[in-house]
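Quick notes on the structure that follows.
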Amino acid sequence: MSAFPSPQAVQLSSPPPPPPPPPPFSKHLKCTAARGSCRPPLCSLISNPAISTSTAAVDKNHVIQRLCEKGELKRALRVLSQEPDPTQRTYELLILSCARQNSLCDGLCVHRHLLENGFDQDPFLATKLINMYSELDDIVNARKVFDEIHERTIYVWNALFRALALADHGPEVIDLYRRMNQVGIPSDRFTYSYVLKACVVSEGGLLLLKKGREIHAHILRHGYGGHVHIMTTLVDMYARFGCVKCAGIVFGEMPEKNVVSWSAMIACYAKNGMPCEALELFRKMMLETHDLLPNSVTMVSVLQACAALAALEQGRLIHGYVLRRGLDLILPVISALVTMYARCGKLDRAQQVFDKMDERDVVSWNSLISGYGVHGFGEKAIQVFKEMIISGISPSPISFISVLGACCHAGLVEDGKKLFDSMVREHRIFPSVEHYASMVDLLGRANRLDEAAKIIEEMRIEPGPKVWGSLLGSCRIHCNVELAERASARLFELEPMNAGNYVLLADIYAEAQMWDEVRRVKKLLEARRLQKVPGRSWIEVKRKIHSFASVDELNPHIEQLHALLLKLSMEMKEDGYVPQTKIVHYDLDLEEKERILLGHSEKLAVAFGLINSAEGETIRITKNLRLCEDCHSVTKFISKYTKREILVRDVNRFHCFKDGVCSCRDYW
DNA sequence: ATAGGGTTAG
């Protein structure tokens with residue numbers, strides 16, 4: 001053996017059994033050698049230490065680069081292990097490759113290697129490493145790279161800001177940003193984008209809104225007030241804080257706007273409960289800009305707005321536009337279409353659009369599951385949920401919100417409990433406040449209030465207002481004063497300014513004829529200067545959205561609508577309808593109470609729909625609150641008398657009225 | 001010298 005100059009030569013002359021742990025290049029060499037081709041030059045170059053290593057290093061660098069480009073990370077690493085003289089470029093390629101291949105352990109290995117080879121203080125590589133760890137979700141190591149590097153260029157700072165912002169570590173970014181300013185490193189245009197993002201990705205609430213405003217001031221002071229990217233991020237920041245006004249001001253003052261800026265503002269309206277404004281702005285964009293074409297992101301927000309308004313006609317127009325533009329190939333757009341059709345009451349269309357997709361992700365499935373859920377088709381929703389898993393897509397936390405919600409609307413208590421169990425056990429998803437709230441809803445509505453209360457007691461996280469709110473809502477349905485008092489006491493602490501909670505409690509007391517308590521709660525409401533969110537309903541007629549408030553004296557059609565409702569209610573009374581005047585708490589006589597009931601926004605919208613549509617046409621209405629009991633029974637009657645299908649979507653589900661019955665089977 | 005940013009479905 002010792003007589004042979006190199007391992008390669010050994011293999012050549014004694015071809016047989018086990019070619020031991022092959023050093024990186026052996027495979028290649030062996031192949032060419034076996035075919036007896038160009039062996040001598042390359043082989044001797046690498047194996048002969050007499051020949052300059054630097055030539056070999058450049059060569060190997062080249063090989064590493066080629067391997068990285070081809071995604072052959074493992075082989076590239078094997079070459080690296082033999083590399084006597086790696087360069088910055090070598091490491092850069094490997095780091096990028098590890099990030100792309102999603103391989104944390106290889107990333108760590110490359111990191112260790114570069115530390116051992118004198119690149120531990122290279123700011124360029126530090127930037128790349130931080131980016132890599134960020135992509136591999138290892139924020140601890142990203143931070144460590146930052147802590148250990150002495151020369152922190154703006155690139156290094158920005159990379160860490162970006163990494164922390166993506167990982168929801170907002171407050172940490174703000175803290176570091178302050179330190180950066182103290183050290184005297186000036187921000188650049190990238191810094192502002194990342195830091196603004198950090199303001200909204202944290203739990204800080206108002207505190208960080210203040211911070212965001214400060215940064216807004218920095219931006220203006222440093223002359224970036226006309227920078228499209230930064231200004232758009234600002235619009236989005238205000239949007240996420242719910243400051244629609246501020247977002248609108250920034251947007252309005254932008255000297256230059258592009259598609260992204262318009263999309264951000266449209267999304268702002270769509271996400272903050274102002275769908276009409278979203279559609280209006282979209283129209284404006286189409287009319288006023290000549291060189292800007294809406295893209296898939298724009299369309300998603302526009303479809304959301306249509307969905308929120310149950311504006312089927314507009315939604316169909318948008319669908320047509322999406323097809324013409326070829327945007328129907330983009331996954332989020334199709335999912336938004338599925339949601340739009342489902343929320344406009346066209347489940348069959350939603351299913352059709354879904355069926356035509358040739359690729360589906362978890363969001364597409366969630367759209368369909370929640371679609372069936374809000375329509376009260378609990379079993380179908382569970383079936384779709386199971387099909388999703390069979391198709392190889394694992395459920396996300398939102399999948400469970402959707403499917404649990406479906407169980408809740410359909411009263412499928414046992415199925416819901418089983419799914420909730422499987423969530424942790426099989427899918428390793430830990431329930432969030434929303435999941436618990438859904439379970440409390442499920443049990444509470446089914447009049448299993450004790451079990452619902454027990455769920456809250458056993459929660460491993462702090463039960464937030466959503467959870468207590470669900471319990472209070474259930475107490476309202478089943479008239480449980482004692483539990484309602486417990487839940488509302490917590491709610492008044494957690495969100496003292498939410499009028500809805502006081503109203504619910506007052507409703508419960510009223511139901512129990514506890515008038516003193518009703519008055520006490522009302523006084524509380526007045527003392528805190530709170531007002532109940534006024535009920536509103538919407539209906540689309542000839543592609544125009546009409547909006548109705550309760551007891552809408554300003555509405556130009558009010559007399560006509562009231563007359564029609566009065567006429568219908570007389571007929572209904574003969575048929576056994578009794579106005580639910582007990583839900584009107586004002587101290588009024590019966591006749592006035594009936595008048596108030598008849599003026600509820602959803603009844604006005606139904607009447608408007610009856611007058612303004614052809615006989616037999618379906619009427620679609622959306623409401624911003626829950627449908628009231630009286631409106632529910634009145635709409636049942638109306639659907640029978642007028643032989644109309646009436647779809648009402650309230651805040652949490654669909655009611656499909658037909659021939660005097662509702663699809664919710666009075667369970668809601 | 002080199003490097004990177006904004007809007008997105010349930």
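Checked against dA3(B), dT8(B), dG6(B), the side chain of Asn258(A) finds its nearest nucleotide in dG6(B). Taking the side chain of Lys197(A) as heavy atoms from C-beta on, and the options dT7(B), dG10(B), dG5(B), the nearest nucleotide is dT7(B). Picking from dG4(B), dT7(B), dG10(B) the nucleotide with the shortest atom distance to the side chain of Asp236(A) gives dT7(B). The side chain of Ile230(A) approaches dG5(B) more closely than any other nucleotide in the set dG5(B), dA3(B), dT7(B). Picking from dG5(B), dA3(B), dT7(B) the nucleotide with the shortest atom distance to the side chain of Arg189(A) gives dG5(B). Distances were taken from every side-chain heavy atom of Thr233(A) (C-beta onward) to each of dG5(B), dG10(B), dG6(B); the shortest belongs to dG6(B). Residue Val300(A) places its side chain closer to dA9(B) than to any other of dT7(B), dA9(B), dT2(B). Comparing dG10(B), dA3(B), dA9(B) by their nearest atom to the side chain of Ser402(A) picks out dG10(B). Across dG4(B), dT7(B), dG10(B), the shortest atom-to-atom separation from the side chain of Val260(A) is found for dT7(B). For Tyr155(A), taking side-chain heavy atoms from C-beta onward, the closest of the listed nucleotides dG6(B), dG10(B), dA3(B) is dA3(B).
The distance between atom CD of Glu151(A) and atom C1' of dA1(B), rounded to the nearest whole Å, is 14 Å. The separation between Leu166(A) atom CG and dG4(B) atom P is 15 Å, rounded to whole Å. Between the C1' atom of dG4(B) and the CG atom of Leu96(A) lies a distance of 12 Å, rounded to the nearest Å. One interatomic measurement links the two molecules: CH2 of Trp262(A) to C1' of dT8(B), which rounds to 19 Å at whole-angstrom precision. Ile95(A) has its CD1 atom 13 Å from the C1' atom of dT2(B), to the nearest Å. Protein atom OH of Tyr194(A) is 7 Å distant from nucleotide atom P of dG6(B), rounded to whole Å. Atom C1' of nucleotide dG5(B) and atom NE2 of His229(A) are separated by 5 Å, given to the nearest angstrom. Put simply, OH on Tyr192(A) is 19 Å from P on dG5(B), counting in whole angstrom units.
Residues from residues 329-356 of chain A that place a heavy atom under 4.0 Å from any atom of DNA chain B, listed by number: Pro332(A), Thr339(A).
Heavy atoms of Asp122(A) sit nowhere under 4.0 angstrom from any nucleic acid atom. Across all strands shown, Asn131(A) has no heavy atoms under 4.0 Å from either base or sugar-phosphate atoms. Residue contacts for Thr127(A): at a heavy-atom cut-off of 4.0 Å it reaches a base atom on one of the strands shown.
Ser103(A) and Gln101(A) form no side-chain donor-acceptor contact under 3.5 Å, judged by distance and modelled atom types alone. Side-chain contact annotation: His218(A) with Tyr177(A), donor-acceptor N/O pair under 3.5 Å present. Remark: the His229(A) side chain and the Thr232(A) side chain contain no N/O donor-acceptor pair separated by less than 3.5 Å. Looking at Asp441(A) and Ser438(A), their side chains never bring a donor and an acceptor atom within 3.5 Å of each other. Remark: the Ser364(A) side chain and the Ser367(A) side chain contain no N/O donor-acceptor pair separated by less than 3.5 Å.
Stacking annotation: Phe190(A) is stacked on the base of dG4(B) (ring centroids less than 5.5 angstrom apart, interplanar angle below 30 degrees).
In the interface, the side chain of Thr232(A) is paired with the base of dG6(B) through a donor and an acceptor atom under 3.5 Å apart. The base of dG10(B) lies close enough to the side chain of Ser396(A) for a donor and an acceptor atom to sit less than 3.5 Å apart.
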Verdict with supporting geometry, Glu379(A) and Gln383(A), side chain to side chain donor-acceptor pair (under 3.5 Å):
CA-CA 6 Å; Glu379(A) 276 102 356; Gln383(A) 186 199 324; over 6 Å; no
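Close to dA9(B), at under 4.0 Å from its OP1 or OP2, lies a side-chain N or O of Lys271(A). Side-chain N/O atoms of Gln304(A) include one lying less than 4.0 angstrom from OP1 or OP2 on dA9(B). A close approach under 4.0 Å does not occur between any side-chain nitrogen or oxygen of Arg360(A) and OP1 or OP2 of dA9(B).
Not counting sequence neighbours, the partners of Glu256(A) by the side chain to side chain contact (heavy atoms under 4.5 Å, CB included) test are Val228(A). Applying the side chain to side chain contact (heavy atoms under 4.5 Å, CB included) criterion to Leu323(A), with sequence neighbours excluded, gives His319(A), Asp328(A).
By the 4.5 Å heavy-atom criterion applied to side chains, Tyr341(A) and Leu312(A) are counted as neighbours.
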